[in-house]
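To start, the structure under review is shown below, and the notes come after it.
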Amino acid sequence: MDRQEWRATGARLYAKHGTDLPQAKLDEMTVAKIRRQYARKQRLIEMLNSSYSAAGLARRYGLHVRTVEKILRRDTWAHVK
């Protein structure tokens, strides 16, 4: 049976998956926990990016975005560590 036949017959609907497989190292609860933790990380990254991006810093200090970008690239204020 090739891939197209397998898809056409719907055999994948009857194939074992998840904890039904003997070699499974995870269960449904662990997979859900992994996905929740990853989603939390993504939300934190999004929050940090909005706060600490050049645009976020410009908003915070009342500057233009280009000014902050030049500071970060050390095009201006290069003498400051």
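Taking 4.5 Å as the limit, every side-chain heavy atom of K33 sits out of range of all side-chain heavy atoms of Y38. The shortest distance between side-chain heavy atoms of R40 and Q37 does not fall below 4.5 Å. In this structure, K16 and P22 have side chains that are not in contact, with every pair of non-hydrogen atoms separated by 4.5 Å or more.
Remark: side-chain polar atoms of S51 are paired, donor with acceptor, to backbone N or O of M47 under 3.5 angstrom. Looking only at distances, a side-chain donor or acceptor of S53 sits under 3.5 Å from a matching main-chain atom of N49. Under the 3.5 Å distance criterion, the side-chain polar atoms of R74 are matched with a main-chain donor or acceptor of V80.
Y52 and Y61 fall within a single hydrophobic cluster, where Ile, Leu, Val, Met, Phe, Trp and Tyr are joined by side-chain heavy atoms under 4.5 Å apart, directly or via other members. Linking Ile, Leu, Val, Met, Phe, Trp and Tyr residues whenever their side-chain heavy atoms come within less than 4.5 Å places L72 and L63 in a single cluster. Taking hydrophobic clusters as Ile, Leu, Val, Met, Phe, Trp and Tyr residues chained together by side-chain heavy-atom distances below 4.5 Å, L48 shares a cluster with V68.
With rounding to the nearest 0.5 Å, the separation of CG in L26 from CD1 in I34 is 5.5 Å. Going from atom CD of E69 over to atom CG of D75 covers 10.0 Å, rounded to the nearest 0.5 Å. Here the NE2 atom belonging to H64 is positioned 9.5 Å from the NZ atom belonging to K70, to the nearest 0.5 angstrom. The structure places OG1 of T76 at 5.0 Å from CD1 of I71, a figure rounded to the nearest 0.5 Å.
Heavy atoms from other residues, nucleotides or ligands lying under 6.0 Å from CZ of R66 number 12 at most. In R3, the CZ atom is not crowded: 12 or fewer heavy atoms of neighbouring residues, nucleotides or ligands sit closer than 6.0 Å. Summarising the local packing, CD of Q4 is surrounded by 12 or fewer heavy atoms from other residues, nucleotides or ligands at distances under 6.0 Å.
Across all non-hydrogen atoms, the minimal contact from A24 to G18 is CB-O, 3.4 Å.
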